[in-house]
Amino acid sequence: MIVMKFGGTSVESAAAIERVAAIVGQREARRPVVVVSAMGKTTNKLLAIAAAAIEGDRAEYIRQIHDLRDFHSREARPVVPLDHRAELDRTLDDHFQELTELVKGLAVLGELTPRSIDAISSYGERLSSYIVTLAFRHFGMAAEHLDSRRVILTDKRHTQAAPNFPETYARLARTVPALAQNSVVVMGGFIGSTEDGVTTTLGRGGSDFTASIVGAGISAEEIQIWTDVDGMLTADPTILPGGHRVKTMSFAEAAELAYFGAKVLHPATVVPAIEKNIPVLILNSRRPEVAGTRIVADNVACGNVVKSIACKRKIALVNIHSTRMLMAHGFLRRIFEVFDRFETPVDMVATSEVSVSLTIDNLQRLDAIVAELQQFSQVDTEKCQAIVCLVGENIRYTPGVARRVFGALGGVNVRMISQGASLLNLSFVVAEKDLERTVAALHGEFFAELDPAVFERNEAVHA
Ligand code: ASP
Ligand code: MG
């Protein structure tokens, strides 16, 4: 069995769903279990509907619900067998009727709880998985729909629920292989339920996580994440176009990249797969012939030091200075206690005898944090900064990486540097305005030559 996960853009239209059916059809012999996201931007739209409801904007939420129903109906009809169309209409009616009732209830209460957010956002995956099941039948496959809420059991932390792994794995093992014997199994990502049957979600972008959980639960041969890029690249394409494809990397490298904003993979995704040693493939549903990126448990021998350059924009640097810190203990605790109280995660930290610099990417509570810190230290903040992160297992074995970085960067002012505790990343902070030339310079330095076993050169740009 293999798990094949298709993201929102891969199922955003009738044409996209038809492509998915072709891709799955070619792999039918491997007994695929398909996990789908909500179609296109459906999750965002559902959340917008909820927001309109609590603002009491009835005309607006009714209009948006209609639009969303029309969208699903319009894209689903062409890929649903004629004799299933009545059933499709009925199912859409039922779901949107239910959704409307729920939203009206919210409008009356004027309050949006995490539990109701989950109830509402679950409709995206419930609908997409049902529609894709019918589409697979339309394109000649035997397909069975499995409501993920029957098998993905979670705690009650709505909007960020954590799976109960032992129970979920037991349910998956009991249900899925039998269904997959003669049919392609189709499940919605992102959603689960509590012991009491209340709908939960695993957090935004959670469908990858579902795919990984399902793969682990059924001991799949491989987990394929089908998306709209060719795989992991040597540089973030939104900052430096034309990076080379990384054919294979370790889980640890992928997790590091995911954390640093490579949108391809959700960091938590890899955990269940690592534990069961199941490879995860990143593939492009628009270009299924490209071999993608294979993420495996162990380190992959590689002639290059760096596998990829990741970035995180819009971060703030907070510099905290106090002579009272000298020789005193408890100072760091006091600082972090402030960030903790304002629920703001700290990414990078550097300390000296009398000062601490750190970065945060959630700036919402920054003013309040600074006010607190100022009670016992001098504080200055710099916004519009970016973290640049070189990732590669070889960084820990190779002397002189930092020297090459500084050499390549010439005139760029590097604000803060840290060799990650994991030893496979080297991160530093630059001003956002310097980001593009920083990444371009580093890419030139570390990827001029490529180990052909690990990278596929992007001839188009770097010929
Ligand atoms: N539909 C959910 C979201 O947009 C989950 C996912 O796409 O992975 O966050
Ligand atoms: Mg997604």
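All ligand and atom numbering here is 1-based and tracks the order in the structure. Only a predicted model underlies this, so the values are computations on that prediction, with no experimental measurement involved. Start at 1 with the first residue, then count along the sequence.
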>> Within ligand 1, which atoms have a heavy atom of Ser37 less than 4.0 Å away?
In response: 6 (C), 7 (O), 8 (O)

>> Only heavy atoms of Arg204, strictly under 4.0 Å: list the atoms of ligand 1 that pass.
In response: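 Close to Arg204: 3 (C), 4 (O), 9 (O).
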
Can you tell me if [X] has a non-hydrogen atom under 4.0 Å from ligand 1?
X      : value
Gly205 : yes
Glu125 : yes
Gly206 : yes

>> Can you confirm whether Leu102 sits close enough to Tyr123 that some side-chain heavy atom of one is under 4.5 Å from a side-chain heavy atom of the other?
In response: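 Yes, side chains in contact.
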
Does any N/O atom on [X] come nearer than 3.5 Å to any N/O atom on ligand 1?
X      : result
Gly203 : no
Ser207 : yes
Thr43  : yes

>> Apply side-chain contact (heavy atoms from CB on, under 4.5 Å) to residues Arg126 and Glu98 and explain how you reach the verdict.
In response: CA-CA 13 Å; Arg126 286 159 62 188; Glu98 238 180 74; 3.3 Å; yes

> Looking at CZ of Arg69 and NE2 of His95, how far apart are the two atoms once the value is rounded to the nearest 0.5 Å?
Replying inline: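 Answer for the CZ-NE2 pair, Arg69 versus His95, is 12.0 Å.
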
>> With side chain to side chain contact (heavy atoms under 4.5 Å, CB included) as the test, pick out the partner of Asp118 among Thr113, Thr159, Leu202.
In response: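 For Asp118, the side chain to side chain contact (heavy atoms under 4.5 Å, CB included) test succeeds with only one of Thr113, Thr159, Leu202, which is Thr159.
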
>> Any carboxylate oxygen within less than 4.0 angstrom of a Lys/Arg side-chain nitrogen, looking at Arg286 and Glu12?
In response: yes

> Are the charged groups of Glu60 and Arg63 less than 4.0 angstrom apart, N to O?
Replying inline: yes

